[in-house]
Amino acid sequence: MAEKITPRSEDFSRWYLDVIREAELAENSPVRGCMVIRPYGYELWEGVKAGLDRRFKETGHKNAYFPLFIPMSFIQKENEHVEGFSPELAIVTIGGGKELEEPLVVRPTSETIIGHMYSRWIQSYRDLPVLINQWANVVRWELRTRPFLRTMEFLWQEGHTAHATAEEAMEETLRMLDVYADFAINDAAIPVIKGRKSEREKFAGAVASYTIEAMMGNGWALQAGTSHYLGTNFARAFEITYLDRNNELQYCHTTSWGVSTRMVGAIVMVHGDDQGLRLPPVLAPIQVVIVPIWRKEAERSQVLEVTQQVKTALADAGIRVHLDDREEQTPGFKFNDWEMRGVPLRVEIGPRDVKQQSVVLARRDKPGKEGKEFGVPLTGAATRVKELLREVQKSLLEQATAFRDAHTHYVRSYEEFKEVLNEEGGFLRVHWAGTSEDEARIQEETKATLRCLLLEPPEGEGECFLTGKKTDQVAIFARAY
RNA sequence: CGGGGUGUGGCGCAGACUGGUAGCGCGCAGCGUUUGGGACGCUGAAGUCGGAGGUUCAAGUCCUCUCACCCCGACCA
């Protein structure tokens, strides 16, 4: 049978597109730059949503919904914000067959309209903080798109909070960055680096932007989530004010933070291998697939009876299980098919197993025989499956961490920087005291960008690899999506 | 927006230079044999050859125009 997935080593970008197509996560749409998220891909996104939403609720946030359309004038109220977004806005100028008096912007993000509402809702310090999140779609007119990583329309959540003081707002900004990191590491099994964006890379309108950066399987970086401290920029633009205890009018300090369907792309690119997807059990739509095997008609009913029992036992144990009883496919085909779709664990049940009252378990994170366990007693199967799911989750995180660490290099000079980047790629860890112009030059010459400045670098003081100046600031540079 | 490429059953492609009744693989449907790592046989359905115009007795093939998509570079969750 023809190979449907290009090997990763041959062409990573092609591999990524192949996996997304073959695993039926998403497909290109008739509209250029947009994608259709198919049920399996959407279930994965629902897993991401569930993990994040739970954490948002636990940290005191409520969900709400704001409109898709934003008056043009709102976007124009905050200077940097307009400049940052105007090239990528989709604008509605005709409605109901008539030219609109004021064009409506299809939201690229909702700071402005939410700011407008906050100015009405917030009067007193007693109204603060306001902690709201919304799940929504947004549109940015991108020229160069890639499924999940960058599409013209994408799904995300955007949190928007308002606080009395800068300290509180900053605390919130960093708290949500921690929430993102916790989700990425524990649910998505993606090791991420928390850091601050440089002036050049920060969000348009923010005072400071923070990021979680992940390394993809080709050594490139991906910003998997961002959290912004907006200072009083939007409060001033939208007059979000409150009276403090001394009856004095003050501007609120606001934050915003977002994670998008890009996270799905990250999961694909961090864990996937030449066989296809490898999904972390916490997020996998199907955690366990059962494949029945038989030769003769007599064996069929016996085998199916046992697979049905196991399915029930696993479902009762709270495991997302699927029984693949298709008769038109051979077991071998099913093995490959479900591996390609990234199901973490497979249960094989054939006549031999029925006789011994046992099952065969195969884990996705380890190839072939190495990942198989034979003769697992039927009675203890659910317990063993649960253990293995935990192990697979842990193992995926370990593998990704080991990969990232193996491809992260501390460099001391620009020469070394270029050499390592060319020969190995990956993350370049440097002491950094350069300017935005230096950053631009590095990008031009090497295509690497400053991904983030580490929050608490363990290195201590050193010399900037570019300028030689003493600094305790440590940065990660990398090629990025 | 600059550079490169491709449009032919659902998908991947051949056919084009040299014009002469549209073909292959996969997939799909039916039947039978199969089933512990991507099964096989037989039968069958399915294509205005991206679009428009032109040359010609005759155009998937030659000419002109046009549209769309993909890939590589400048901006971005």
Side-chain angles (χ1 to χ4, degrees), chain A residues 1-6 11 13-14 17-18 21-22 27-33 83-89 107-110 136-158 180 197 200-204 206 209 211-214 222-228 256-266 275-276 291-297 299-300 303 324-340 346-355 359-360 362 367-369 371-372 374 440 443-444 447 449 480-481:
Chain A
M1 181 163 284
E3 236 5 279
K4 288 175 177 162
I5 298 177
T6 307
D11 184 342
S13 173
R14 180 63 51 85
L17 295 169
D18 288 348
R21 186 190 63 245
E22 291 301 317
E27 220 166 85
N28 279 335
S29 81
V31 180
R32 187 191 68 81
E83 282 176 31
F85 279 108
S86 56
E88 48 187 84
L89 293 180
R107 65 179 164 221
T109 176
S110 303
N137 58 337
V138 288
V139 169
R140 298 179 188 177
W141 211 263
E142 301 290 348
L143 301 173
R144 192 99 168 67
T145 60
R146 243 184 249 269
F148 292 109
L149 299 181
R150 173 164 298 108
T151 47
M152 294 220 303
E153 179 190 10
F154 57 94
L155 307 182
W156 77 343
Q157 59 65 219
E158 44 179 326
Y180 286 160
K197 283 288 177 187
R200 190 159 175 272
E201 298 275 336
K202 75 174 191 195
F203 173 71
S209 289
T211 174
I212 50 170
E213 294 287 327
L222 183 78
Q223 177 175 307
T226 47
S227 186
H228 313 287
S256 69
W257 25 275
V259 160
S260 72
T261 32
R262 173 181 273 190
M263 184 62 84
V264 174
Q275 265 60 254
V291 178
I293 299 156
W294 71 79
R295 287 175 187 280
K296 308 187 202 81
E297 195 56 26
E299 293 166 346
R300 199 185 98 123
V303 167
D324 185 356
D325 55 4
R326 288 178 292 178
E327 306 216 348
E328 63 277 13
Q329 311 288 5
T330 63
F333 177 88
K334 292 176 184 176
F335 293 172
N336 287 288
D337 195 43
W338 292 110
E339 280 170 7
M340 189 263 293
R346 178 177 69 240
V347 180
E348 303 171 14
I349 301 175
R352 288 207 293 272
D353 305 290
V354 172
K355 205 168 291 171
V359 300
V360 176
K369 276 253 156 59
K372 280 203 178 191
F374 299 90
Q443 179 173 4
E444 188 143 324
K447 286 174 187 156
T449 51
Y481 281 103

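Within every chain, numbering begins at 1; the chains are lettered A, B, ... in the order of the sequence lines, protein sequences first and strands thereafter.
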_Please report the distance separating the C1' of B:rU48 from the corresponding atom of B:rG9, rounded so that it comes out in whole Å._
13 Å

_Charged tip of A:Arg262 within 45° of A:Phe154 ring normal and under 6.0 Å_ = no

*asked:* Could you tell me the Watson-Crick or G-U partner of B:rG73, where both distances fall under 3.5 Å? Say none if there is no partner.
replied: B:rC1

*Among B:rA77, B:rC71, B:rG37, which is the nearest nucleotide to the side chain of A:Asn336?*
B:rG37

*Contact class for A:Leu155 (heavy atom, under 4.0 Å): base, sugar-phosphate, or nothing?*
nothing

*Give one of base, sugar-phosphate or nothing for A:Lys372, where a contact means two heavy atoms less than 4.0 Å apart.*
base

_Ring-on-base stacking B:rA77 with A:Trp156 (under 5.5 Å, under 30°)_ = no

_Heavy-atom neighbours of A:Glu327 CD exceed 12 at 6.0 Å_ = yes

*Please check the phosphate of B:rA39 (OP1 and OP2 only) for any side-chain N or O of A:Thr330 closer than 4.0 Å.*
yes

*To the nearest Å, how far apart are A:Asp11 CG and B:rC72 C1'?*
12 Å

*Consider the side chain of A:Phe333, meaning its heavy atoms from C-beta on, and name the nucleotide among B:rA77, B:rG36, B:rA39 that approaches it most closely.*
B:rA39

_Looking only at the side chains, is there a donor atom on one of A:Thr449 and A:Arg200 sitting less than 3.5 Å from an acceptor on the other?_
no

*Nearest-Å distance for atom pair NE2/C1', residues A:His228 and B:rA77*: 8 Å

*Give none if B:rU33 has no partner; otherwise give the nucleotide forming a Watson-Crick or G-U wobble pair with it, both distances under 3.5 Å.*
B:rA39

_Both A:Met152 and A:Gly350 contact RNA chain B. Which one's nearest nucleotide lies toward the 5' end?_
A:Gly350

*asked:* Check this for me, if you would: do A:Lys334 and A:Asp337 make a salt bridge, where the nitrogen-to-carboxylate-oxygen distance has to be below 4.0 angstrom?
replied: no

*Measure from the side chain of A:Arg262, starting at C-beta and using heavy atoms only, and say which of B:rC75, B:rC72, B:rA77 lies closest.*
B:rA77

*Taking the same atom, C1', in B:rG44 and in B:rA52, what whole-Å distance lies between them?*
36 Å

*Hey, which sits more toward the 5' end of RNA chain B by its nearest nucleotide, A:Tyr481 or A:Arg300?*
A:Arg300

*Select one nucleotide: of B:rC70, B:rG38, B:rG36, the one nearest the side-chain heavy atoms of A:Asp337.*
B:rG38

*Mind calculating the distance between CG (A:Leu143) and P (B:rG73) to the nearest angstrom?*
14 Å

_Checking base pairs now: Watson-Crick or wobble, both atom distances under 3.5 Å. What partners B:rU6?_
B:rA68

*Donor-acceptor pair, A:Arg107 side chain versus A:Val138 backbone, under 3.5 Å?*
no

*asked:* Rounded to whole Å, please give me the gap between CG in A:Asp324 and P in B:rG36.
replied: 14 Å

*Pick the P atom in B:rG41 and in B:rG27, then give their distance to the nearest Å.*
11 Å

*asked:* Any base atoms under 4.0 Å from A:Thr151, or only sugar-phosphate, or nothing? Heavy atoms, all strands.
replied: base

*Taking atom types as they are modelled, is there a donor-acceptor pair under 3.5 Å from the base of B:rG37 to the side chain of A:Glu339?*
yes

*Return the value, rounded to whole Å, for the distance between atom CG of A:Asn137 and atom P of B:rA77.*
18 Å

*Nearest to side-chain heavy atoms of A:Asn28, which nucleotide of B:rC70, B:rA77, B:rG36*: B:rC70

*Determine the interatomic distance between P on B:rG19 and the same-named atom on B:rU66; round to the nearest Å.*
27 Å

_Side chain of A:Glu142, heavy atoms from C-beta onward: which of B:rG36, B:rA77, B:rG37 has the nearest atom to it?_
B:rA77

_In whole Å, I'd like the distance from the CD atom of A:Glu327 to the C1' atom of B:rG30._
16 Å

*asked:* Does B:rU35 have OP1 or OP2 under 4.0 Å away from a side-chain N or O of A:Arg295?
replied: yes

*Between the main-chain N or O of A:Ile5 and the side-chain N or O of A:Arg21, is there a donor-acceptor pair closer than 3.5 Å?*
no

*Is a salt bridge present between A:Glu213 and A:Lys197, judged by a nitrogen-to-oxygen distance below 4.0 Å?*
yes

*Scan A:Arg14 against the nucleic acid and name what it touches under 4.0 Å (heavy atoms): base, sugar-phosphate only, or nothing.*
nothing

*In whole Å, what is the span from the CZ atom of A:Arg32 to the C1' atom of B:rC67?*
15 Å

*Say you pick atom C1' in B:rC13 and the same atom in B:rG53; how far apart are they, in whole Å?*
29 Å

*Across all strands shown, which nucleotide pairs with B:rC28 by Watson-Crick or G-U wobble geometry, both distances under 3.5 Å?*
B:rG44

*asked:* Using the P atom as the point on both nucleotides, what is the distance between B:rC24 and B:rG36, in whole Å?
replied: 31 Å

*Grab the CH2-P distance between A:Trp294 and B:rG36 for me, whole Å please.*
11 Å

*Within 6.0 Å of CZ in A:Arg326, more than 12 heavy atoms from elsewhere*: yes

*Contact class for A:Val360 vs. all strands (heavy atom < 4.0 Å): base, sugar-phosphate, or nothing?*
base

*For atom P, what is the distance between B:rC26 and B:rU21, given to the nearest Å?*
26 Å

_Counter-base of B:rC57, judged by Watson-Crick or G-U geometry with both distances under 3.5 Å_ = B:rG20

_Distance, C1' atom - from B:rC31 to B:rG12, rounded to whole angstrom_ = 28 Å

